[in-house]
Structure formats: structure tokens, C-alpha cells
Amino acid sequence: MTRQDGDPATMSIGEVSRRTGVTVPTLRAWERRYGLLVPVRTAGGHRRYSDDDVRRVVAVLELTGQGWAVAAAARRVAGEGSASPVRPPVDELRDRLWSALDQALRELPAGTEAPASPEEPLAMDQDMPSADALEAAGSSGASVRTAMVRQRRQTAAAAGQPDWQLLETVHQATRGLLYIASAREATEILIAAVQRLGGSTIPAGQADSWALPIDLSFGEGEPILPVAEPLSLARMQLEQMLPGLVEDARRAVQLLRRSEGLDG
Amino acid sequence: MQQPQITQADVKRFVDHLARRDRKAAVRQALELLEAGVLVQDIVQVLLGSAQAEVGRRWEANQWSVADEHAATAITDAALGALEWRIEAAEDQGHVVVTCAEGEWHSLPARMAAEVLRLHGWQVTFLGASTPAAHLRRFLGEVDAIGVVISCSVPIFLSGAQRSIQAAHAAEIPALVGGRGFGPDDLRARRLGADGWAPDTVAAAHLLMVWRRQPPEAKPTASASERESLELEAARTELVQAAMNDLFLRFPPLAGYSENQLARTREDLGYILQFLEAALLTDDPRIFLDEFLPWLTRVLTARGLPAGVVTVGLEALAAVLDGYPRSQELIAQGRRLAADRALDG
């Protein structure tokens with residue numbers, strides 16, 4: 001994108017910020033990352049912005065208001081140099097979901113497409129690293145072990161690509177959290193989610209090394225921890241999905257306590 | 001006017017509420033202090049912070065169980081949540097993301113940091129416990145932030161912290177690290193490639209202010225000498241098993257251990273290796289020698305084991321750690337220190 005003549009660049013970034021309501025650091029980030037702003041330099045080296053820059057920022061704000069992700073909106077506006085999106089955001093969203101799913105399915109390790117039997121471990125310990133990984137690491141025994149750790153991490157990251165079933169579990173739980181009437185109900189929703197992810201739960205008093213140290217009880221009743229065998233698929237699913245879910249549950253419980261004046 | 005301060009008596013009262021698992025009394029006390037004019041920052045860092053340190057101490061001394069510790073932490077968390085609604089943020093400083101290092105499930109310290117930052121006028125997104133690095137990377141790709149604050153409480157999650165830092169850098173957002181796991185200075189932070197380290201949240205807030213005016217220079221990822229650390233991680237399970245076999249010969253009482261006690265012993269050997277890995281990863285022997293070994297000795301002796309049991313465990317590991325020269329060296333140092341401490345009484 002090039003600057004058009006006849007559009008004098010006179011504004012400081014602070015002025016752009018005032019006119020759009022977007023903070024200066026955010027504007028700088030949009031400029032750096034997406035090329036959304038195209039300043040000219042004064043003789044003294046200061047950046048100056050034009051009405052076009054303001055228009056592009058406003059266009060991004062409009063798109064995000066319709067549900068677009070900032071990155072997608074900014075790239076689109078910066079790429080077109082105009083503010084009129086040609087496709088409704090719903091289509092865009094659907095595309096992104098489908099390509100994410102596509103990607104997830106391609107990257108899932110063999111054997112994980114069937115979440116119907118989530119107890120089944122991935123058995124990665126027995127797996128040998130791929131020929132590529134071995135070659136990249138050289139051939140000494142120590143390097144083979146190092147390659148195996150790297151590969152295990154990559155496999156874990158790939159297994160973490162959410163598939164539909166995982167997303168559905170999380171969605172169902174999050175939706176449930178909107179309707180809780182007590183902290184106990186939030187705990188029950190989390191316990192159900194842990195089970196759907198292939199794990200189970202245990203009172204903290206009986207916890208062993210299989211337990212994840214995250215209490216699901218919110219200070220009401222006995223602390224309860226999720227458990228899953230180390231390196232099993234269930235364990236990986238819990239490690240991927242549970243932190244965010246527990247955080248949402250904590251939020252829901254806080255809102256409830258606040259609304260009922262239970263927090264003091 | 002004199003600003004009211006948190007006293008020892010306040011902390012003791014709060015810990016008593018935790019001991020009785022009385023959530024409402026704990027929340028009420030925090031809110032009363034707020035009404036009395038105590039700074040939110042002090043309530044969070046001094047009252048809740050000291051109380052949690054005491055919770056850890058009681059667990060260490062075997063006075064409180066794991067369940068007691070979790071119950072107390074949940075109540076402190078509820079008090080923090082109640083304060084959150086009463087925090088009136090100052091002017092908008094900008095957006096900052098706060099998260100726990102990958103693998104670090106202790107989220108309360110990070111949550112406390114998030115609240116104090118909010119108080120300092122930052123718009124904070126708190127991601128919670130143990131955010132996988134890949135999730136962090138995806139999330140950061142969609143937001144703008146002055147920085148990511150990465151919390152690590154236990155050094156064995158520093159390798160996870162390193163992956164979190166790399167995720168931040170992949171999204172071109174600078175990483176500020178902190179928490180007990182990073183130790184008393186910026187050495188570990190630098191070795192892991194972080195852009196900044198803060199000893200506490202107030203210092204973190206100041207550093208973020210600086211970054212807001214002048215983002216830190218992007219630097220090449222530090223190449224900590226992590227090879228032996230990775231190799232140890234890869235072989236950990238087999239090494240623990242080999243050390244257990246050695247321990248049966250070296251430590252006859254083991255033959256009489258219950259299944260549960262054997263499992264705990266295996267866990268402890270695994271911890272020793274994990275702390276070794278962290279010390280090698282960051283090239284900071286203090287993790288192993290000054291922080292971990294004295295702590296393990298305290299924990300085990302509080303549970304009725306003889307003090308010498310740590311030395312025996314180290315000997316068993318030394319016997320099986322062939323081909324791990326730096327680990328051998330650290331273990332030898334650890335044994336010398338343990339012997340000195342035994343002489344000191």
C-alpha cells in the first residue's frame with residue numbers, strides 16, 4: 001500500500017489516538033504488525049499520520065465490533081487499503097473454524113481420532129523418534145534421548161490442538177457456568193468436564209503424583225483435585241483444556257458471590 | 001495522616017480463619033482492613049502474601065496436609081476475589097497479559113500480581129494456571145499488549161517458563177518474568193531469554209511503565225546450555241528406577257517400606273532429578289544446593305525420616321548418573337554441603 005497524494009500527513013500518533021479512541025501502544029502495534037498505519041517522516045524524524053490512517057483504524061474498529069478478530073480485521077483493512085469488507089464475518093469465522101479443524105486433524109497423532117476411549121494412553125514412551133528427528137540430532141545415545149524429549153513435546157503440542165469433541169466439552173461446561181446457583185454447582189460442572197476429558201477426581205487428602213495440583217472446590221467443602229495418568233491422552237487433554245476452564249469457573253463463582261453479597 | 005499498616009496480629013488472625021476453613025470470616029477481615037484505609041496493595045502482598053507463606057511453612061513442617069493447604073489457598077483466593085471488585089484502577093496504562101508458566105499450576109501468586117497491576121492502572125488479562133505455550137502463542141497473536149508477565153513459583157517449571165517466553169517472542173511481545181521460581185536476582189531470567197525480571201509486582205509495574213514508553217530491544221534467544229538438562233529429562237524414569245534398585249542395597253530399611261512409602265521415595269528421587277534439570281538449564285547451582293536440598297531435608301525430617309536419608313538418595317543417584325558430568329558435580333557439592341550441615345549440628 002502506498003500513500004496517495006493530496007492527503008497531507010499532519011497528525012501525531014497521539015492525535016490519531018484521540019480521534020479513534022485507540023491507545024497509542026495499540027496503534028503502534030497495529031502499525032508494526034499489520035502495516036495498518038503508513039506514516040511519513042518529518043525532517044526531524046517524527047512520524048506524521050493522515051486522515052487515511054484514521055479511516056483505516058475506524059474500519060478495523062467497525063469490523064471488530066461485528067465480531068472479527070483484530071488480526072484478521074487489521075490485515076484485511078491494511079491489505080485492501082479500503083474499509084469495505086466484501087464477505088460477511090460469519091463466513092470468515094466459519095472458514096477459520098474449518099481450517100483450524102483441518103489443521104487439528106492433520107496434526108493429531110495416530111490413534112487420537114477416537115476420543116470415545118479417552119483412557120487409552122498415547123504410549124509415547126515406547127515410540128521411537130522419527131528418522132528425521134534422529135538425523136537432526138545426530139546419532140549418539142544422548143542425542144537420541146534429547147530428540148525423544150523434543151518429539152514428545154511436539155506430539156504433546158499437536159495433541160493439544162483442540163478437536164470438536166474437546167471444544168464441545170469446554171463449551172458445554174462454560175455454558176453451564178452461566179447458570180450456576182452455587183459454588184458447588186461450578187465444582188460439579190468441572191468434575192463432569194474432567195471426566196469427559198478422560199480423567200477423574202480425588203479428594204486432595206488422597207492425592208498422589210497422578211493428581212494435578214488445581215483445586216476444584218473454590219473454598220467450599222473438601223478440596224478436590226483432577227487425576228490422570230502421566231503421559232496419557234487424558235492427562236494431555238486436561239493439561240490443555242483445564243486451566244482456562246477452571247479460571248472461567250472461578251470467575252463465575254466470584255460473580256455469584258458478589259451478586260449474592262456472599263463476599264462480605 | 002498515617003497510613004494504617006498490616007500488623008503481625010492481622011496476619012495471625014487471617015491464618016486462624018484459614019485454619020478453621022472459615023471463608024466468610026477471612027473475606028470479611030480483608031474487606032474491613034480495606035474500609036479502615038489500608039492500601040489494597042498491602043492487603044494483597046502483606047496480609048494474603050504472608051498468610052500463604054505461613055500455609056507453605058505449615059505444610060513443610062507436616063502440621064498441615066495437602067488438603068489443608070488447598071483449602072486455605074482457595075480461601076485466600078476468595079478474599080482476593082472479593083477485593084477485586086473494590087479495586088478502582090487509576091488511569092489506563094495499557095494492556096498487559098499475566099499468566100503462569102507452562103506446567104506451573106500454582107496460580108495464586110500470579111493472580112495476586114494481576115490484581116496489583118490492575119491497581120496500578122493496567123488493563124490486565126489473566127490467563128490462569130499452566131497455560132500451554134502453544135495456547136499462549138495463539139492468544140498473543142490476537143491481542144496487543146505492552147508485555148506478558150510470566151509467573152513461576154517452583155524452579156522445576158523453569159523449562160516451561162522458557163517455552164512461555166519463546167511463545168511471547170514469537171508473537172513479538174516482550175516477556176517479564178517473576179515469582180519464587182526465578183530466584184533472588186535476574187540470572188535465571190536472563191539465561192532463559194526473558195526481557196525483564198522483577199523481584200515483586202510493584203517493580204514489575206514500574207518496568208512495564210518503562211516498556212510502555214520504550215519497548216525493550218528484541219534480543220537473540222539466549223542459548224542456555226540445556227543439553228544435559230534435556231538428556232536428564234528424557235532419561236528420568238529409567239534413572240529413578242535404577243536409583244531405586246541401587247537404594248535397596250544401600251539403604252536396608254527400604255525393604256520394609258510399604259507400597260505407598262516406596263512410591264513416595266520414587267517421587268522424591270524424581271524431584272531431585274527435576275531440580276537438577278532446572279539448575280543445569282539455567283546454569284544456576286543455587287536452585288539445587290541452596291534452595292532445594294535444604295527444603296527437602298526439612299520436609300523429610302519433619303515427616304520422621306533421618307536427616308541422612310537425603311545423602312543416601314544423592315549417593316544412589318550418583319551411582320546411576322554415568323555420563324552426566326555436570327549432574328555428578330552438583331550432587332558431589334550437595335553431599336559435601338549436607339555433610340557440613342550435619343557437622344554444624
Side-chain angles (χ1 to χ4, degrees), chain A residues 23-26 28-30 32-33 69-72 125 141-150 152-153 156-158 160-161 203-209 211-215 217-225 239-240 242-248 250-251 253-254 257-258 262-264, chain B residues 21 23-24 26-28 30-32 65-71 73-79 81-82 84-85 92 94-95 100 103 105-107 126-135 141-146 163 172-173 212 215 227-228 230-231 233-235 237 260 263 266-267 270 323:
Chain A
T23 64
V24 171
T26 301
R28 291 234 165 86
W30 287 3
R32 190 181 71 236
R33 284 199 202 151
V70 170
D125 258 353
S143 299
V144 170
R145 286 200 298 270
T146 309
M148 284 176 74
V149 172
R150 294 224 168 88
R152 187 188 297 170
R153 282 181 183 155
Q161 297 285 336
Q206 296 164 31
D208 55 16
S209 61
L212 286 160
I214 189 164
D215 173 22
S217 75
F218 305 106
E220 295 183 23
E222 260 323 281
I224 297 166
L225 306 184
E239 285 178 351
Q240 297 285 329
L242 204 57
L245 196 53
V246 172
E247 202 49 44
D248 291 343
R250 195 187 309 268
R251 192 84 193 157
V253 169
Q254 265 181 29
R257 284 176 180 161
R258 183 195 186 192
L262 292 177
D263 64 355
Chain B
R21 300 196 181 182
R23 178 175 59 86
K24 288 182 182 175
V27 169
R28 214 176 304 125
L31 294 179
E32 278 166 13
S65 67
V66 170
D68 294 330
E69 191 191 11
H70 277 292
T73 303
I75 290 170
T76 304
D77 201 272
E84 185 186 327
W85 305 112
D92 182 17
H95 182 211
C100 290
W105 289 82
H106 300 97
S107 64
F126 180 63
L127 294 182
S130 181
T131 307
H135 285 205
E142 299 282 315
V143 302
D144 290 298
I146 306 283
R163 290 191 287 282
E172 295 181 39
I173 295 181
R212 189 184 156 202
R227 194 191 160 102
E228 188 169 322
L230 274 176
E231 288 171 9
E233 183 184 338
T237 317
N260 187 35
R266 235 176 259 123
E267 259 174 63

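Throughout, a chain's letter reflects where its sequence line sits, starting with A, and its residues are numbered from 1.
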Only counting residues at least two apart or in another chain, list the ones meeting side-chain hydrogen bond (donor to acceptor under 3.5 Å, both in side chains) with D68(B). R21(B), S65(B)

Would you call Q254(A) and W85(B) a side-chain contact if the rule is heavy atoms closer than 4.5 Å? yes

Heavy-atom pair count under 4.5 Å with chain B, highest-scoring of L225(A), I224(A), V253(A), D248(A): L225(A)

Among G270(B), A74(B), A79(B), G103(B), residue most engaged with chain A (heavy-atom pairs, under 4.5 Å): A74(B)

Quick one: CZ on R258(A) to CD on E84(B), what's the gap to the nearest 0.5 Å? 9.0 Å

Scanning both residues in full, the closest heavy-atom pair of H70(B) with I214(A) reads CE1-N, 4.4 Å

Would you mind checking which part of I146(B) comes under 4.5 Å of any heavy atom in chain A, side chain (CB onward), backbone (N, CA, C, O), both or neither? side chain

Are H135(B) and P243(A) close enough that some pair of their side-chain heavy atoms sits under 4.5 Å apart? no

Examine whether an atom of E267(B) lies under 4.5 Å from a heavy atom of chain A, and if so say whether it belongs to the side chain, the backbone or both; otherwise answer neither. side chain

First locate atom OG of S107(B), then atom CD of E247(A), and finally report the distance between them rounded to the nearest 0.5 Å. 6.0 Å

Nearest 0.5 Å, what's the CD-OG1 distance between E239(A) and T131(B)? 12.5 Å

Engaged part of R28(A) at the chain B interface, taking heavy atoms whose separation is under 4.5 Å: neither

Non-hydrogen atoms of E222(A) and A67(B) that approach each other most closely: OE1-CB, 3.9 Å

